Participant: 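Quick one: the structure is below, questions incoming.
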There are 2 protein chains.
Amino acid sequence: MSLEFAILGFLNYHPYTGYDLKKIFDSSVRHFWPADQSQIYRTLANLTERSLVQMEKVPQDDRPDRKVYHITDSGREELRKWVAGPAPLDEPRSAPLIQVFFSGILTDEEILQKFEGYAGIMRMILERYDQVPSQLGPFEKEITSPREHFFWLLTLENGMLSMKASLEWAESIIQRIKSGQVPQE
Amino acid sequence: MSLEFAILGFLNYHPYTGYDLKKIFDSSVRHFWPADQSQIYRTLANLTERSLVQMEKVPQDDRPDRKVYHITDSGREELRKWVAGPAPLDEPRSAPLIQVFFSGILTDEEILQKFEGYAGIMRMILERYDQVPSQLGPFEKEITSPREHFFWLLTLENGMLSMKASLEWAESIIQRIKSGQVPQE
DNA sequence: ATAATATATATGTTTTATCCTATATATGAG
DNA sequence: CTCATATATAGGATAAAACATATATATTAT
């Protein structure tokens with residue numbers, strides 16, 4: 001599981017609660033690893049069982065007690081081993097590409113609209129990428145040293161470049177449809 | 001579920017067995033939607049229950065009876081609705097990017113090796129993309145009309161272009177590491 | 001006043017996907 | 001003669017992820 005290593009990675013920066021982690025995930029790695037709240041809490045419980053993190057209860061009067069999780073030495077070791085280890089292989093899943101694959105059953109007009117839809121979504125995502133580094137989320141406020149920040153930017157860069165490539169792809173297809181280069185049957 | 005629409009899409013070309021479908025998946029959409037054998041059989045059972053496909057038993061003497069699945073009218077309708085419908089949003093998950101995100105804990109030398117590893121894998125994948133259209137798999141032998149073939153090529157193109165973008169990204173990072181542009185702490 | 005949002009955790013259920021194994025037989029390679 | 005590969009289906013076990021809901025309180029906005 002990669003989620004558990006992502007959690008260990010963040011706890012290696014600083015101790016956090018599950019609630020903190022959810023916000024941090026959303027403002028930093030969401031673009032390549034979305035995480036569900038319930039999944040984070042369950043993974044924290046699991047990491048605690050395996051002594052890779054330790055829970056510290058911080059009582060509060062007004063709200064539920066905070067459970068602050070600290071990474072342990074063995075947790076740090078596991079994290080290091082995983083990050084330094086071989087690249088986990090990606091099994092990519094893209095539902096939009098399934099639509100593309102079977103869109104031969106649509107009319108060329110429908111296909112054109114479809115790709116214009118894709119291109120629109122991609123342009124929106126690209127715009128959001130441009131804004132990200134300027135809007136300081138919880139992630140930037142709390143944890144990043146220049147070195148950590150640098151690697152975060154690398155992941156943003158990767159997302160942006162891949163998205164740009166896909167947008168150009170969609171645009172070239174729009175051109176091909178308009179100039180009648182799609183085989184009919 | 002996108003898998004069920006992919007199956008409907010193939011059965012819309014031609015009736016197939018679960019076994020056929022597994023081979024077809026592996027030789028056509030694997031690069032953006034890998035499918036497990038057991039999952040295909042279970043999904044076929046589920047589609048049958050919902051009357052989107054119909055099973056035809058073809059007895060064989062020597063081997064287990066073939067169960068050939070045919071798409072029904074309502075199955076065709078569902079497929080059309082889904083393919084014509086709005087783009088399903090992609091929630092991308094990339095374990096390698098988690099490694100990148102946290103690789104600040106490694107030495108620059110280790111990071112360099114890591115990215116050279118990534119680049120190597122990507123170059124391999126790109127080479128495979130180049131070979132695909134020439135090696136006729138079960139997919140090309142059995143089902144594609146020029147129109148269907150065209151959309152298949154589009155998905156390959158997308159994979160190739162995204163991979164190329166990521167490779168260039170990795171190579172630019174290698175250069176940055178070599179020229180000491182990675183912040184130290 | 002009331003509703004929404006933020007803080008904080010937890011669990012039950014379902015879906016999706018992976019892994020492994022079992023059943024049967026035929027063919028071809030070493 | 002054995003072992004791998006191909007044909008064909010199926011199900012148990014587990015892991016991963018998504019979806020929904022519950023508890024409790026404080027603050028802010030309408």
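Given the structure is predicted, the values throughout are model-derived calculations rather than measurements. Chain letters run A, B, ... following the sequence lines, proteins first and then strands; every chain starts at 1.
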Participant: Salt-bridge test for A:Lys23 and A:Asp26: reply yes if a basic N is under 4.0 Å from a carboxylate O, no otherwise.
Facilitator: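 A:Asp26 and A:Lys23: not salt-bridged.
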
Participant: For the residue pair A:Gln181 and A:Ser179, confirm or rule out a side-chain donor-acceptor distance under 3.5 Å.
Facilitator: yes

Participant: Sugar-phosphate means primed atoms, P, OP1 and OP2; the rest is base. With that split, encode nucleotides 6-13 of chain D 5' to 3' as B, S or - using protein heavy atoms under 4.0 Å.
Facilitator: SBBBBBBB

Participant: Could you check how far CD of B:Gln39 sits from C1' of C:dA17, rounded to whole Å?
Facilitator: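 Computing the B:Gln39:CD to C:dA17:C1' distance gives 5 Å.
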
Participant: Starting from C1' on D:dA17, measure out to CH2 on A:Trp33 and report it in whole angstrom.
Facilitator: 10 Å

Participant: One thing to verify: whether A:Lys81 and A:Glu78 come together as a salt bridge, which I'm taking to mean a side-chain N less than 4.0 angstrom from a carboxylate O.
Facilitator: yes

Participant: Write down the distance between CD (A:Glu91) and C1' (D:dA17), rounded to a whole number of angstrom.
Facilitator: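 The answer, rounded to whole Å, is 17 Å.
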
Participant: With respect to the phosphate group of C:dT18, does any side-chain polar atom (N or O) of A:Arg93 fall under 4.0 Å of OP1 or OP2?
Facilitator: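 Yes, A:Arg93 has a side-chain N/O under 4.0 Å of OP1/OP2 on C:dT18.
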
Participant: Is any NZ, NE, NH1 or NH2 atom of the basic residue among A:Arg147 and B:Asp108 found under 4.0 Å from an Asp or Glu carboxylate oxygen of the other?
Facilitator: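 Salt bridge present between A:Arg147 and B:Asp108.
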
Participant: May I ask you to test the B:Val58-B:Glu56 pair for a side-chain heavy-atom distance under 4.5 Å?
Facilitator: yes

Participant: What is the distance, rounded to the nearest whole Å, between atom CD1 of B:Ile40 and atom C1' of C:dT16?
Facilitator: 14 Å

Participant: Can you measure B:Leu3 atom CG to C:dA17 atom P for me and round it to whole angstrom units?
Facilitator: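 Going from CG in B:Leu3 over to P in C:dA17 covers 6 Å.
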
Participant: What's the CZ-C1' distance between B:Arg30 and C:dA17, to the nearest Å?
Facilitator: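 Atom CZ in B:Arg30 sits about 14 Å away from atom C1' in C:dA17.
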
Participant: Starting at CZ of B:Phe25 and ending at P of C:dT18, how long is that distance when rounded to a whole Å?
Facilitator: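 Taking atom P of C:dT18 as the reference, CZ of B:Phe25 is at 12 Å.
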
Participant: Using whole Å, what does the distance between atom P of nucleotide C:dT18 and atom CE of A:Met1 come to?
Facilitator: 15 Å

Participant: Using a distance-only test with no angle check, is there a side-chain donor-acceptor pair under 3.5 angstrom linking B:Thr17 and B:Asp20?
Facilitator: yes

